[in-house]
Novice: 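My questions will all concern the structure given below.
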There are 2 protein chains.
Amino acid sequence: MSEVFEPLLRALLQRDHLSADEVAQIRSLPFRKRICERGEQIIPDGARLRESCLVINGFTVRASHLRSGKRQINGLHVPGDFVDLPALLLKKISHNVVALNECEVVFFPHRDLRELCEREPHLTRMLWLLTVCDGAIAKEWITSIGRRVPEEHLAHLICETYTRLNVAGLARDNRFDFPITQADIADIMGLSVVHMNRTIQELRSTGEVTWKGTSVSILDFEALATRADFDATYLNLWKEPR
Amino acid sequence: MSEVFEPLLRALLQRDHLSADEVAQIRSLPFRKRICERGEQIIPDGARLRESCLVINGFTVRASHLRSGKRQINGLHVPGDFVDLPALLLKKISHNVVALNECEVVFFPHRDLRELCEREPHLTRMLWLLTVCDGAIAKEWITSIGRRVPEEHLAHLICETYTRLNVAGLARDNRFDFPITQADIADIMGLSVVHMNRTIQELRSTGEVTWKGTSVSILDFEALATRADFDATYLNLWKEPR
DNA sequence: CGTATGGTTGATCTCACTCAAGGGTTGTGG
DNA sequence: CCACAACCCTTGAGTGAGATCAACCATACG
């Protein structure tokens, strides 16, 4: 089953050309697959890791917990995202990764990734690029949470998620499936659940977004992007020799 | 003058062993030096970059601007920080970098960094590691801004900055120089200047922190770290084969 | 000196939190 | 097949944190 690598290759090929040999090198990586239940902790906080996890199917979030009991989500992973690739270098990560819905994930041993990086400088840079894009998203989130008002922030999150899912081939025609609870979105945006609910209703009432169950529709993407000050540059979705 | 490379080597050697040859390879990188005035924009927003910038001396911040005129700072760079190393892969960055005080920075052409990465897999990973640490800081900032109350957030920022400056050899005995205005800290924490001022006064009044001019003193680091829920793990300041 | 910049203070108002309860849907067991 | 529990969404009311507005002070600088 080669589908394991499709989301990843899709993410890479969006950003640079890969030779047939490079594609083959990636495809030859050994892996173990795992199905995770909704709510399951995929990667525990503070663990010492010997493999890195790639999401094939489903949504996961990266969260930190404070002593006070508060929780902040600082990352959202869609299929094709190399959830904890940084662990290849860090060995230890200080947040945990949780499945939002039933997920299919695969783990690649660090040993094999390491060997790949020893012989393939260009692929190394492409993996590096993935972690850099992840960092760019985090920086954009800082801006959202710090200076965008909740409606703008939510609009931005929707634009970003749509764009990322579109790359993964999971969103089109201004619609996508977003299996997340309002409590989780509140933990993304740093708001209370009650206020989160009211913010969503605000976007609904203006007709900008239709959100029923897990189905999100954007009436006019351009308009929403303008409202949110969303500029996809930071996602680096263009081909370029890297 | 080899001091150009000291802050960088310090940052790297803190996290892994480097061979004499590797150190020599770094030292042999060609560069151009520049002095930046306080408030000067070092790297313009959206520019196409052919070199990456390392801070030798002074403080810089990375900021985003919204249409509304609001500004959010999403990164703080201390000496030894490779400010826009991600640009090596991204080519284009969507935020700008500004000097907080008079800074000494050096630029390394991407061509040379690229060549270095082609032949040195381990050094590549070390540079990669720097960008990953930068990302880890951004994630921690999301948590701070989203879920820490202003006093905790400020305490966390102080602990983080002290720890990072300590690595750079610029802080010890619980004291450091922090040439930043309250308006800038407000843009880091996503607060208004007035409230920022009151938050600082709060930390001062409890005696946890002395802050006069640009000199910041921490009365009891452990106590402040506890208050802020600060755990330096995310800074990855230990030696490990990467 | 006058001016600019940054820090400080007070008053007012609004946004967002908390608390508390009700409603809808799904799944499960009697 | 219905009752109940669990989970999530929704709504209302009261409170408080943080924004905004508007001054005033301190220091550095030309």
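Naming: A, B, ... by sequence-line order, numbering from 1 per chain. Note that this is a predicted model, so its numbers are computed, not measured.
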Novice: To the nearest angstrom, how far is B:Glu202 atom CD from C:dT8 atom P?
Specialist: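 In whole Å, C:dT8 P lies 14 Å from B:Glu202 CD.
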
Novice: With heavy atoms under 4.0 Å as the rule, sort B:Arg147 into base, sugar-phosphate or nothing.
Specialist: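 No contact.
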
Novice: Pull out every residue in residues 174-196 of chain A that has a heavy atom closer than 4.0 Å to any atom of DNA chain C, ordered by number, or say none.
Specialist: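 Of all residues in residues 174-196 of chain A, the ones placing a heavy atom under 4.0 Å from DNA chain C are A:Gly190, A:Leu191, A:Ser192, A:Val194, A:His195.
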
Novice: In whole Å, what is the span from the NZ atom of A:Lys70 to the C1' atom of C:dA16?
Specialist: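 Rounded to whole Å, this separation is 13 Å.
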
Novice: Could you list the donor-acceptor pairs under 3.5 angstrom formed by side chains in residues 209-218 of chain A, with sequence neighbours left out?
Specialist:
residue  : atom : partner  : partner atom : Å
A:Trp211 : NE1  : A:Gly213 : O            : 3.3
A:Thr214 : OG1  : A:Asp177 : OD1          : 2.8
A:Ser215 : OG   : A:Arg175 : NH1          : 2.5

Novice: Under 3.5 Å, side chain of B:Asp187 to main-chain N/O of B:Ile73, donor-acceptor pair present?
Specialist: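 The answer is no, because no donor-acceptor pair under 3.5 Å joins these two groups.
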
Novice: Provide, to the nearest angstrom, the distance between the CD atom belonging to B:Glu151 and the C1' atom belonging to D:dA17.
Specialist: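 It works out to 10 Å between those atoms.
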
Novice: Please step through salt bridge (charged side-chain N to carboxylate O under 4.0 Å, His left out) for the pair B:Lys139 and A:Asp134, ending with a clear verdict.
Specialist: CA-CA 10 Å; B:Lys139 284 156 204 163; A:Asp134 184 67; 3.0 Å; yes

Novice: Taking only the side-chain nitrogens and oxygens of A:Arg38, find out if one of them lies under 4.0 Å from OP1 or OP2 of D:dC7.
Specialist: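 The answer is no; no side-chain N or O of A:Arg38 sits under 4.0 Å from OP1 or OP2.
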
Novice: Less than 4.5 Å apart, side chain to side chain, heavy atoms only: is that true for B:Ile185 and B:Leu157?
Specialist: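 Yes - at least one pair of side-chain heavy atoms lies under 4.5 Å apart.
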
Novice: Starting from P on C:dA16, measure out to NE2 on A:His153 and report it in whole angstrom.
Specialist: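 From A:His153 NE2 to C:dA16 P: 12 Å.
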
Novice: Quick one: B:Glu152 CD to D:dG18 P, roughly how many Å, whole number?
Specialist: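 Computing the B:Glu152:CD to D:dG18:P distance gives 11 Å.
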
Novice: Just how far, in rounded Å, is P of D:dC7 from CG of A:Leu100?
Specialist: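 Distance, rounded to whole Å: 16 Å.
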
Novice: Indicate yes or no for a side-chain donor-acceptor contact from B:Asn74 to the backbone of A:Glu140 under 3.5 Å, with no hydrogens or angles considered.
Specialist: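 Looks like no, no N/O pair under 3.5 Å.
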
Novice: What is the distance from CG of A:Asn197 to C1' of C:dC17, rounded to the nearest Å?
Specialist: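 It is 14 Å, rounded to the nearest whole Å.
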
Novice: Is A:Arg198 side chain donor-acceptor paired with the D:dG12 base, going by distance under 3.5 Å alone?
Specialist: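 Yes, the side chain and the base share a sub-3.5 Å donor-acceptor pair.
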
Novice: If only atom types and distance count, is the side chain of B:Glu6 paired as donor or acceptor with the main-chain N or O of B:Glu3 below 3.5 Å?
Specialist: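 No: the side chain of B:Glu6 does not pair with the backbone of B:Glu3.
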
Novice: Distance-only, no hydrogens or angles: does the A:Glu37 side chain make a donor-acceptor pair with backbone N or O of A:Glu102 under 3.5 Å?
Specialist: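 Such a contact is absent between A:Glu37 side chain and A:Glu102 backbone.
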
Novice: OP1, OP2 of D:dT10 versus side-chain N and O of A:Arg204: anything below 4.0 Å?
Specialist: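 It does, given that an N or O in the side chain of A:Arg204 lies less than 4.0 Å from OP1 or OP2 of D:dT10.
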
Novice: Between atom CD in B:Gln201 and atom P in D:dG18, what is the gap in whole Å?
Specialist: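 Checked: the CD to P distance equals 15 Å.
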
